[in-house]
Amino acid sequence: MSVGSTPDKFQAANLDGAQTREDNYLLASSGVGSWLFTLDHKRIGVMYLVGILVSFFLGGIFALILRAELFTGTKLFLTEDQYNQMFTLHGAVMTFLFIIPSIPAALGNFVLPVMLGQKDVAFPRMNLGSFYLWVVGAIFFLCAIIFGGLDTGWTFYTPYSVTTSTRVILALLGVFVLGFSSIFTGLNFIVTINTMRPHGMTWFKMPLFLWSIYATSIIQLLATPVLGITGLLLIAERALHIGIFDPEMGGDPVLFQHFFWFYSHPAVYIMILPAMGIISELIAVFSRKHIFGYRFIAYSSIAIALLGFLVWGHHMFVSGQSQLAAVVFSGLTFSVSIPSAIKVFNWLATMYKGSISLATPMCYALAFIFLFTIGGLTGLFLGALATDIQLHDTYFVVAHFHYVMMGGTLVAFVGGLYYWWPKMFGVMYNENAGRLFCLIVFLGFNLTFFPQFIMGARGMPRRYARYVEEFQIYHQLSTLGAFLLGIGMVGAIGVLLYSLYRGKKAPANPWGANTLEWMCSSPPPLANFDNPPPVGDPYDYSNLRYDEREGGYVTVPGPAKKTSSH
């Protein structure tokens with residue numbers, strides 16, 4: 001039950017009568033209008049979740065179509081032009097509509113205020129406005145797909161994007177609007193964390209997920225406007241032919257790359273930093289140990305955010321930039337690996353001698369560490385000048401990108417979704433099924449993308465619809481892996497959706513976590529807390545014990561006691 005819950009007036013229909021409508025934000029009001037015009041951060045988070053999951057499956061279908069076409073190396077059902085449009089739409093939908101907003105907008109919106117013990121974010125109306133901006137941006141993308149498609153790649157490289165007849169302007173307008181959504185969300189989170197931390201929650205008693213969201217928001221606020229301006233300049237170039245990026249009119253196409261990557265490389269950290277925050281929470285909770293090196297992990301989030309602004313030039317080693325600039329960007333790129341490695345080492349040290357529970361969220365956390373480590377280490381080959389020239393625009397880059405973005409962000413997102421699902425919807429899922437589909441996702445992912453490292457190193461260029469026979473076995477393995485991965489993802493989301501109908505009622509604290517969101521009922525009441533919850537060390541589990549009657553963990557008063565693993 002929530003702290004100081006109110007007397008019941010209406011019994012909730014599906015929660016065994018244990019909660020009132022006031023104790024359940026899902027039932028506190030009904031009707032479509034109560035959702036569309038809600039200012040409740042939790043409902044906004046749920047609406048984001050639905051939207052980005054639809055985007056994810058749309059982008060996933062594009063990916064499976066691509067992989068099926070690549071199975072033989074000859075034409076099966078796509079022409080070369082259709083292939084170009086398909087990989088462009090896959091990249092654009094996955095990047096702008098799913099990966100970037102997935103954790104901050106969906107999970108962050110739901111969790112952040114509750115983690116702070118607050119009723120809502122600082123600007124609830126701006127929060128709802130951010131969601132509708134995301135919807136408008138998504139509609140522009142859908143219009144681009146319906147009215148002629150897009151074939152520039154998700155990077156919109158000039159001069160091709162100036163001359164192609166596909167719907168570049170519609171897609172750029174979508175990116176522009178989505179940028180405002182991202183900026184408003186980041187601004188809201190920064191103000192919320194700065195001004196609404198409860199008494200006693202100093203910066204270094206703040207959960208690491210909030211540190212990661214804070215660092216992400218700094219990037220969103222500072223880097224996203226550059227992408228918006230770049231998009232507007234490209235729209236002006238196409239519509240007015242004023243010679244900014246088009247060399248035939250005196251423009252500079254490399255200038256576009258500078259502008260684009262000044263945003264898009266920090267955007268990589270918009271995607272991965274929140275994922276790292278989730279992993280910090282999962283590793284500590286399911287190892288039943290205080291997080292190792294808390295301050296180093298917190299500082300490393302800020303360090304990654306700041307260094308991320310200085311490394312965009314490593315995308316342009318072959319663009320003709322000066323050797324001095326290339327050497328400087330290479331060195332700066334290597335420097336980003338230091339705070340990233342700090343996080344990985346601290347997660348491993350936290351698990352060392354811990355009482356590890358292989359619950360489904362922890363399985364995703366372990367998968368994340370494995371996949372992100374491979375993605376990070378292979379990034380060193382692309383940061384080094386000599387090897388980058390060899391590997392540039394090959395499938396090695398595709399594999400590296402997916403190991404970091406998909407193996408990192410997607411896996412952490414699903415792990416976080418499993419972790420907070422009982423809190424969001426008040427139901428538990430089938431653990432065995434959750435772990436099974438996690439294993440399928442892990443195997444499918446590696447079968448899909450590991451062969452791409454090999455064929456990339458052997459010279460297979462990316463974005464080619466046809467290829468010579470020597471690469472066929474790698475493509476076929478990759479295609480089989482992609483379909484296995486697709487089965488795993490559908491199963492993983494299906495397990496969660498099934499729990500909404502048949503899942504057991506979730507206790508307030510099923511995992512034994514000590515952050516504030518677990519101190520209210522599951523799902524939370526509309527106002528989250530009737531009274532401010534007590535603030536302590538978010539990673540001290542000594543006063544939590546498993547209660548058979550509650551089916552979850554409860555706080556015991558007094559001196560520290562040994563905790564049991566679940």
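Position 1 is the first residue of the sequence; numbering continues from there.
Proximity of the aromatic rings of Y48 and F131 is defined here by a centroid distance below 6.0 angstrom, and this criterion is met. The six-membered or imidazole ring of F96 lies away from that of W134, with a centre-to-centre distance of 6.0 Å or more. A distance of 6.0 Å or more separates the ring centres of F445 and F370. In this structure, F110 has its ring center closer than 6.0 angstrom to the ring center of Y25. For an aromatic pair to be called close, the ring centres must be under 6.0 Å apart, and F156 with F256 fails this.
With hydrogens and angles ignored, the 3.5 Å screen pairs no side-chain donor or acceptor of Y419 with any backbone N or O of L282. With H402 contributing its side chain and V398 its backbone, the two residues share a donor-acceptor pair below 3.5 Å. Using modelled atom types, one side-chain atom of Q118 and one backbone atom of M196 make a donor-acceptor pair closer than 3.5 Å. Remark: side-chain polar atoms of K343 are not paired, donor with acceptor, to backbone N or O of S300 under 3.5 angstrom. Checking side-chain atoms of T409 against main-chain N and O of I99 turns up no donor-acceptor pair under 3.5 Å. Of the possible donor and acceptor atoms, none in the side chain of N127 sits under 3.5 Å from a partner among the backbone N and O of F123. Panel note: side chain E431, backbone A359; no donor-acceptor pair is recorded below 3.5 Å. Between the side chain of T166 and the backbone N or O of L150, no donor-acceptor pair lies under 3.5 Å. The backbone N or O of L178 lies less than 3.5 Å from no partner atom in the side chain of S182, so there is not a single donor-acceptor pair. In this structure, T515 contributes its side chain and E517 its backbone to no donor-acceptor pair below 3.5 Å.
Side-chain contact of N528 with K42: a donor-acceptor pair under 3.5 Å is present, judged by distance alone. Side chain to side chain, R197 and T192 fail the donor-acceptor criterion of an N or O pair below 3.5 Å. No side-chain donor-acceptor contact under 3.5 Å links S522 and K505. No hydrogens or angles considered: nothing links the side chains of N514 and D537 as a donor-acceptor pair under 3.5 Å. Residues W211 and Y294 bring a donor and an acceptor atom of their side chains to less than 3.5 Å of each other. Looking only at atom types and distance, the side chain of T88 has no donor-acceptor partner in the side chain of W154 under 3.5 Å away.
Shown here is Y132, whose OH atom has more than 12 heavy atoms of other residues, nucleotides or ligands within 6.0 Å. At most 12 heavy atoms of other shown residues, nucleotides or ligands fall within 6.0 angstrom of atom CZ in F180. Within a 6.0 Å sphere centred on CZ of F57, heavy atoms belonging to other residues, nucleotides or ligands number more than 12.
Note on ring orientation: taking the six-membered ring where Trp is involved, the planes of Y429 and W511 are tilted (angle from 30° to 60°).
Looking at F260, F262, W261 one by one, the single match for ring pair (Phe, Tyr, Trp, His ring centres under 6.0 Å) with W312 turns out to be F262.
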